[in-house]
Amino acid sequence: MGFWIFMLVMDLLTPLTMMGFGYYFVKSAPKNINFIFGYRTEMSMKNKDTWKFAHKYCGRLWKRCGLTLLLLSVGMMLWVVQKDIDTVGKMGSVICVIQMVVLIGTIFPTEIALKKNFDKDGNRYQK
């Protein structure tokens, strides 16, 4: 049971982190465009407007995806409670891979949204 609890806690780190940073990014993007912290892509770092837009958009995605992953992770781990260590470990690994795919996958809709709202130089399209 101890290993199951350990795997559950480890598998909840990514969704909780996504939700936490999602809330933070929606409320306020990091003040300055930087290469260390925040949603950093070539397009998001064009100017302050693209920087704020990308953080707000990605933050909303991370909040929703984080909550979904949290519920999915708990559900999948409950399915293997009281199973042997190998089964728990394999399930924990599958959950981790799914979480990483979702986390990295949020880059694509964020970049698409940036391209729909800004030209290649980071100027907002006029409606």
For F25 and Y39: C-alpha separation, side-chain torsions, deciding distance, then whether ring-ring contact (aromatic ring centres under 6.0 Å, His included) applies. CA-CA 9 Å; F25 286 161; Y39 181 86; 8.2 Å; no
Residue pair M19, W62: steps toward the side-chain contact (heavy atoms from CB on, under 4.5 Å) verdict: CA-CA 6 Å; M19 290 171 60; W62 276 13; over 6 Å; no
Evaluate side-chain contact (heavy atoms from CB on, under 4.5 Å) for M77 paired with V74, printing each intermediate quantity in order. CA-CA 5 Å; M77 286 304 289; V74 169; 5.9 Å; no
Go through the steps to decide whether I112 and K115 satisfy the test side-chain contact (heavy atoms from CB on, under 4.5 Å), and finish with yes or no. CA-CA 5 Å; I112 290 168; K115 288 178 182 169; 5.8 Å; no
Take M18 and T14, measure what side-chain contact (heavy atoms from CB on, under 4.5 Å) needs, and give me the verdict at the end. CA-CA 6 Å; M18 286 178 76; T14 299; 4.1 Å; yes
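Contact check for W4 versus L78: side-chain heavy atoms found under the 4.5 Å cut-off. Looking at heavy atoms from C-beta onward, M10 lies in side-chain contact with L13 at the 4.5 angstrom threshold. Put simply, the side chain of P15 does not reach to within 4.5 Å of the side chain of L67, judged on heavy atoms.
In this structure, L71 places its CG atom where more than 12 heavy-atom neighbours from other residues, nucleotides or ligands lie under 6.0 Å away. Within 6.0 Å of CZ on F3 lie more than 12 heavy atoms contributed by other residues, nucleotides or ligands.
We find the CD1-OG1 distance between I107 and T41 to be 8.0 Å, quoted to the nearest 0.5 Å. Between E111 atom CD and C58 atom SG the span is 9.5 Å, to the nearest 0.5 Å. Here the NZ atom belonging to K31 is positioned 8.0 Å from the NZ atom belonging to K52, to the nearest 0.5 angstrom. Annotation: the span from M76 atom CE to I98 atom CD1 amounts to 4.0 Å, rounded to 0.5 Å. Taken to the nearest 0.5 Å, the OG1 atom of T50 stands 10.5 Å off from the CG atom of D119. A distance of 12.5 Å separates CE of M7 from NZ of K90, quoted to the nearest 0.5 Å.
Both F6 and W79 belong to a single network of hydrophobic side chains, linked directly or stepwise wherever heavy atoms of I, L, V, M, F, W or Y lie under 4.5 Å apart. Using a 4.5 Å cut-off between side-chain heavy atoms of Ile, Leu, Val, Met, Phe, Trp and Tyr, with links allowed through other members, L12 and M1 fall into the same hydrophobic cluster. When the side chains of ILVMFWY residues are joined at heavy-atom separations under 4.5 Å, either directly or via intervening members, L16 and V97 end up in two distinct hydrophobic clusters. F108 and L114 fall into different hydrophobic clusters, where Ile, Leu, Val, Met, Phe, Trp and Tyr are joined by side-chain heavy atoms under 4.5 Å apart, directly or via other members.
Annotation for L61 and T106: closest pair CD1-O, 3.8 Å, computed over non-hydrogen atoms. V26 approaches G59 most closely through the heavy-atom pair CG2-C, 3.5 Å. Here the closest heavy-atom approach between residue T110 and residue A54 is recorded as CG2-O, 4.0 Å. Across every non-hydrogen atom of N47 and G122, the tightest pair is ND2-O, 2.8 Å.
A distance-only check finds a donor-acceptor pair linking the side chain of T68 to the backbone of R64 [under 3.5 Å]. A side-chain donor-acceptor contact under 3.5 Å links Q99 to the backbone of D11. Side-chain N or O atoms of N117 include one that pairs as donor or acceptor with a backbone N or O of A113 at under 3.5 Å. Using a distance-only test at 3.5 Å, with no hydrogens or angles considered, a donor-acceptor pair links the side chain of W51 to the main chain of P30. Under a 3.5 Å cut-off, the side chain of N34 and the backbone N or O of N32 do form a donor-acceptor pair. Judged by distance alone, the side chain of R40 and the main-chain N or O of G38 form a donor-acceptor pair under 3.5 Å.
A salt bridge between D121 and K46 is absent, with no side-chain N of the basic residue lying under 4.0 Å from a carboxylate O of the acidic one.
In summary, of the residues considered (Y125, Y57, F53), a ring-ring contact (aromatic ring centres under 6.0 Å, His included) with F118 occurs for F53 alone.
Ring pair F21/F37: centre-to-centre distance below 6.0 Å.
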